[in-house]
Amino acid sequence: ECIYTKHLCLDGRQIHLEIYDPCSQVQQGKLSLADELHWADGFIIVYDISDRSSFAFAKALLYRIRESHTAVCKKMGESSIFLVGNKQDLCHMREVGWDEGQRLAIDNKCQFCELSAAEHCQEVVAMFTKVLRNITANSKGKEKRRPSGSKSMAKLINNVFGKRRKSV
């Protein structure tokens, strides 16, 4: 499947994390992420700094996320979006400049970083920790979301943030 799960403790809170990886499925060039975009509370868009086409795909995903959230919830601040340039260890093969990634992040009001998952796994851990803290900070004080028609989606959201709903 293309959903990865992880249980972890962050700042004393138990978190059940579910990560959807659309790139692990062959979609024949389509960005049909409609269902996933509605239940996600955060996004990490990763591109390869040595592959311009992956940057173009990341740009298209950012556009699709913005378009979906603007149409549905009109509050893009609800979702945390991080743009990540990977393979920093391949700077000698760089096709996408740091400034291009930074500009795309600024234009889309998201956070940006470059890292090397192959050489510095701690950078990846730090980035995920930052994402999770950002999401949990944004979820505090917000009114509770109305449950979707699907019990599984409500369960997913509850599991990720450790909240229990009385009715689903």
Side-chain angles (χ1 to χ4, degrees), residues 1-8 10-11 13 15-27 29-49 51-88 96 98 100-117 121 123-142 145-146 148 150 152-163:
E1 281 263 350
C2 56
I3 295 182
Y4 304 91
T5 60
K6 173 84 176 162
H7 297 277
L8 57 105
L10 179 68
D11 301 329
R13 277 179 91 177
I15 296 176
H16 175 80
L17 182 65
E18 293 199 13
I19 300 170
Y20 174 71
D21 180 7
C23 295
S24 66
Q25 287 183 321
V26 179
Q27 295 182 353
K30 291 184 181 178
L31 293 179
S32 59
L33 304 172
D35 292 338
E36 294 79 8
L37 291 177
H38 295 296
W39 60 259
D41 288 303
F43 301 91
I44 301 172
I45 309 296
V46 182
Y47 68 91
D48 176 348
I49 69 167
D51 180 6
R52 176 139 318 261
S53 65
S54 74
F55 184 70
F57 186 73
K59 191 181 232 182
L61 277 174
L62 281 169
Y63 174 77
R64 181 71 179 97
I65 291 166
R66 291 284 177 207
E67 178 184 71
S68 172
H69 278 253
T70 300
V72 173
C73 63
K74 302 202 182 344
K75 294 184 237 167
M76 196 54 225
E78 270 189 35
S79 296
S80 299
I81 303 176
F82 287 74
L83 180 65
V84 179
N86 189 25
K87 301 192 180 179
Q88 196 178 36
V96 181
W98 183 91
E100 289 178 88
Q102 179 69 28
R103 173 58 40 207
L104 182 60
I106 290 169
D107 291 347
N108 286 279
K109 298 178 180 88
C110 58
Q111 296 192 40
F112 172 72
C113 71
E114 277 192 1
L115 52 79
S116 171
C121 68
E123 289 179 345
V124 176
V125 171
M127 185 266 308
F128 267 96
T129 301
K130 186 175 181 180
V131 169
L132 291 171
R133 282 192 176 124
N134 188 290
I135 290 170
T136 56
N138 286 342
S139 71
K140 289 179 185 172
K142 280 197 311 190
R145 295 176 178 214
R146 289 181 297 171
S148 66
S150 167
S152 63
M153 288 301 165
K155 272 183 159 179
L156 171 70
I157 292 168
N158 292 339
N159 288 341
V160 169
F161 292 103
K163 295 180 182 175

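Bear in mind the structure is a predicted one, so any value in this text is a computation, not a measurement.
- Of the options V46, L115, L132, a side chain to side chain contact (heavy atoms under 4.5 Å, CB included) to M127 is made by L115 and by none of the others.
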Notebook entry, point to check: Hey, mind stepping through V131 and F43 against side chain to side chain contact (heavy atoms under 4.5 Å, CB included) and telling me if it holds?
Noted result: CA-CA 8 Å; V131 169; F43 301 91; over 6 Å; no
Margin query: Between L10 and F128, is the side chain to side chain contact (heavy atoms under 4.5 Å, CB included) condition met? List the steps.
Written below: CA-CA 11 Å; L10 179 68; F128 267 96; over 6 Å; no
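- For E123, the side-chain hydrogen bond (donor to acceptor under 3.5 Å, both in side chains) test picks out no residue, with sequence neighbours left out.
- Closest of all the heavy-atom pairs between I135 and G42 is CD1-CA, 3.6 Å.
- With Y47 as reference, L83 is the one residue of L83, V84, N86 to meet the side chain to side chain contact (heavy atoms under 4.5 Å, CB included) rule.
- Closest approach of I81 and L62 over heavy atoms only: CG2-CD2, 3.5 Å.
- Note on K59 versus E100: no salt bridge recorded, every NZ/NE/NH1/NH2 to OD/OE distance being 4.0 Å or above.
- Between F55 and G101, the shortest heavy-atom contact is CE1-CA, 4.0 Å.
- A distance of 9.0 Å separates SG of C113 from CD1 of I44, quoted to the nearest 0.5 Å.
- Not a single donor-acceptor pair under 3.5 Å links the side chain of D11 to the backbone N or O of R133.
- The line from CH2 of W98 to CD1 of I49 is 12.5 Å long, rounded to the nearest 0.5 Å.
- For the atom pair CD1 (I45) and OG (S54), the distance works out to 12.0 Å, reported to the nearest 0.5 Å.
- In this structure, a donor-acceptor pair under 3.5 Å is present between the side chains of S80 and N134.
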Next item on the list: Go through E18 and K6 one step at a time and tell me if the side chain to side chain contact (heavy atoms under 4.5 Å, CB included) criterion holds.
Entry: CA-CA 7 Å; E18 293 199 13; K6 173 84 176 162; over 6 Å; no
